[in-house]
*Asks:* 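This is the structure I want to talk about, given as structure tokens.
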Amino acid sequence: MKLAVLLLGASLAGPVVAADELPIDRGATIRPAQVLDFPDRSGRLLGTLPPGAPVDIYERQRLWLRIKPPAGQAAPAGWVQLTDLRLGFTAPPPATANAPVPAPAPAPTGGAFSAFSRSVSGLLAGFQSRQSGYASGSNATIGIRGLTSGELNASQPNYQALAEIERYAVMPAQAQMFANAGGLMPQRIMYVTAPPMAVPQPPIGGPR
Amino acid sequence: MKRLSLLLGALFMSGAAHAIDLGGMLQNLDVNKVLQTGQKLSAATQEMPVNEEIGLGRDLAARILGTVPPHPDPAVQSYVNQVGRWLTLHTERPDLPWHFAVAGTDAVGAFATPGGSVIITAGLLRLMRDENELAGVLAHEISHVVQKHHVVAIMKRARAQLATEVAAEMASQVVAKNPLVTQALLGAGMNLYGSGLDQGDEYAADRAGMVIAARAGYDPLALIYLLTTLDSIGAGEPRTQLMFATHPPTRSRIDALGAVADQLGAYKGSLQNPQRFAQIQESLLK
């Protein structure tokens, strides 16, 4: 039955990923993710990806992503919901999932990836160290310095830095020119209220 | 007791500019003057006047910058100020002395201080895909300022910290002129940046930030995309520990914003100039 669904998806409908199309991003599922033939809940179900499945991403439509599993994976290409994914690179599944940790995919080459992708998979996080980090524990991130509440509490004020920063403040007219140069068109939009289910309670025993 | 509290409250008001020496000050007390001042104080507003909000925010921003100094690239600082100032023009507090700073650290985080100072880290800026995501983060921080989340939380904490009737009264009065109360507010403020606002304030800033970004012409969904990136990094790294410790669970924020996104309809923003963000990010990666 599963095979039938897969074959149906592959042969009939469904978004086509051209062989030479380059991904714009990559990610991994964080829970079972339904793959549809259309970026809407009304789309037809092509198959379901297990938690932790790596995916390449080719297109965004609102909160839907057109994905394809990496070569060799017997899973359908199609549209999945952003909320079923982690983005940026192929991450291990959440600790609650029992699926095996997938090996991080190699960083893609080619012009379709932005500086963001390079920064995530390369320079900032250190993709090589991240790969070894997943294999060998947390040692790979020791070189990346964090910021702690203790440091903030013990901090001495730096008014020289503040004055330096305040010099960069811009006037509304300058900001307007900047917006015009970026094609930014103001909209009239009312504030939204929280949907009843939109503010989940923090987990018991979680931070704060 | 009430009288004593007024009296001491007024004392703090007229106290020496620096050290607090209660014994010394009591010796030179003009009781009638103190009582008059105390009555005025009782009638004063419970809200922090905007000039004092700005002063407190500058002091807190100076302390944050004392921990994470500004990134040295003027182009980066100017760019973030342009995006941020444009966003503020679509809020209810466009006239604050808004300014924005990029802190030169790999740590991932963003801070807003009362009165309109916003600081984001280079580590966070590097993780963004485009200007829409930058606008999403800045609009979230701007929302904290517009809704006075930190001012309210700091006043509340300072009252608890001072823990006496006198000081409680002072903390709700004209605060900036009083060194003891100022110290309490600053201490409560820095403590707040280490422990985080109430989760409800964070969800509120997420929602309002999406709307402010959309008003300014940005894609309101970009914040959700950035959050999925942050979720990929997780809390196991030093650079993200503080941010995750001071915010609601990232997945809960993503799910909450996904529900809000439906209310915003199909608006995708109108940004036409992706190059300018890419250039800034390239200069950060050098």
Side-chain angles (χ1 to χ4, degrees), chain A residues 62-63 82-83 85-89 91 114-116 119-120 123-124 138 141 144-153 155-159 161-162 164-166 168-170 172 174-176 178-179 181-189 191-192 194-195 197-200 202-203 206-208, chain B residues 58 61-63 65-70 77-78 81-82 85-86 89 99 101 106-107 109 126-129 190-191 193-196 199 203 207-208 211 214-217 221 228-229 231-232 236-239 241-242 245 252 254-256 258-261 263 270-273 278 281-282 285:
Chain A
R62 289 185 55 74
L63 296 177
L82 173 65
T83 48
L85 297 179
R86 285 177 163 153
L87 292 191
F89 47 82
S114 63
F116 152 75
S119 78
V120 170
L123 290 165
L124 170 70
S138 61
T141 57
I144 298 175
R145 195 173 167 281
L147 178 63
T148 66
S149 57
E151 286 175 301
L152 286 171
N153 277 320
S155 67
Q156 294 300 308
N158 185 344
Y159 287 98
L162 181 66
E164 190 185 309
I165 282 305
E166 285 175 335
Y168 294 108
V170 303
Q174 294 172 268
Q176 176 73 61
F178 174 85
L184 295 168
M185 306 285 288
Q187 308 288 313
R188 289 178 63 94
I189 301 173
Y191 283 118
V192 294
M197 45 70 70
V199 181
R208 287 178 59 77
Chain B
R58 290 188 78 246
R63 277 164 177 76
L65 291 171
T67 309
V68 281
Q77 301 293 353
S78 292
N81 270 279
Q82 308 263 24
R85 193 69 179 98
W86 172 243
L89 298 179
H99 56 90
D106 286 336
R126 288 190 193 109
L127 290 175
M128 296 171 181
R129 294 172 182 76
M190 293 315 291
N191 202 276
Y193 291 108
S195 61
Q199 299 210 345
Y203 287 114
R207 287 192 302 273
V211 171
R215 285 178 182 170
L221 304 186
T228 62
T229 306
D231 192 41
S232 292
E237 294 192 15
R239 63 181 165 139
Q241 266 168 7
L242 182 68
S252 300
I254 291 168
D255 290 340
V260 171
Q263 295 183 51
S270 56
L271 182 65
Q272 298 291 325
N273 187 347
Q281 211 172 34
E282 288 289 345
L285 295 177

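Residue numbering restarts at 1 for every chain, and letters A, B, ... go by the order of the sequence lines. Not measured: the values here are computed from a predicted model.
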*Asks:* When only pairs under 4.5 Å are counted, which of A/Gly182, A/Gly150, A/Ser149 shares the most heavy-atom pairs with chain B?
*Replies:*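 Most heavy-atom pairs within the cutoff with chain B belong to A/Gly182.
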
*Asks:* Can you tell which of A/Glu164, A/Gln174, A/Gln176 has the highest number of heavy-atom pairs within less than 4.5 Å of chain B?
*Replies:*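 Most heavy-atom pairs within the cutoff with chain B belong to A/Gln176.
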
*Asks:* Go through it in stages, so that I can follow the logic: the residues are B/Arg63 and A/Leu152, the test is side-chain contact (heavy atoms from CB on, under 4.5 Å), and I'd like the CA-CA distance, side-chain angles, deciding distance and then a yes or no.
*Replies:* CA-CA 7 Å; B/Arg63 277 164 177 76; A/Leu152 286 171; over 6 Å; no

*Asks:* Please flag which part of A/Gln156 lies under 4.5 Å from any non-hydrogen atom of chain B: side chain, backbone, both or neither.
*Replies:*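 Just the backbone, heavy atoms under 4.5 Å.
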
*Asks:* Does any backbone or side-chain atom of B/Ala216 lie under 4.5 Å from a heavy atom of chain A? Answer side chain, backbone, both or neither.
*Replies:*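 Contact with chain A is through the backbone of B/Ala216 alone.
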
*Asks:* For a quick test of reading the model, state the closest non-hydrogen atom pair linking A/Leu63 to B/Gly258 and the distance between them.
*Replies:*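 Answer, listing the atom of A/Leu63 first, then B/Gly258: CD1-CA, 4.0 Å.
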
*Asks:* Identify which of A/Leu162, A/Leu184, A/Asn158 forms the greatest number of heavy-atom pairs closer than 4.5 Å to chain B.
*Replies:* A/Leu184

*Asks:* What is the minimum heavy-atom distance between A/Met185 and B/Ser270, and which atoms define it?
*Replies:*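 In this case the closest contact between A/Met185 and B/Ser270 is N-OG, 2.8 Å.
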
*Asks:* Ignoring hydrogens and angles, tell me if any N or O in the side chain of B/Gln281 forms a donor-acceptor pair with the backbone of B/Arg126 under 3.5 Å.
*Replies:* yes

*Asks:* Name the region of B/Leu65, side chain, backbone, both or neither, that has any atom closer than 4.5 Å to a heavy atom of chain A.
*Replies:*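 For B/Leu65, heavy atoms of backbone and side chain both lie under 4.5 Å from chain A.
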
*Asks:* Quick check on the interface: out of B/Ala61, B/Gly66, B/Ala62, B/Gly217, who has the most heavy-atom pairs with chain A under 4.5 Å?
*Replies:* B/Ala62

*Asks:* For A/Tyr191, does the six-membered ring have the charged nitrogen or CZ of B/Arg215 within the cation-pi criterion, i.e. under 6.0 angstrom from the centroid and within 45° of the normal?
*Replies:* yes

*Asks:* Using a 4.5 angstrom heavy-atom cutoff, name the option from A/Pro186, A/Pro157, A/Ala181, A/Pro172 with the most pairs to chain B.
*Replies:*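 Ranked by contacts with chain B, first place is A/Pro157.
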
*Asks:* Return yes if some donor-acceptor pair links the side-chain N/O of B/Asn81 with the main-chain N/O of B/His99 below 3.5 Å, else return no.
*Replies:*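 Here the side-chain-to-backbone pair does not exist.
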
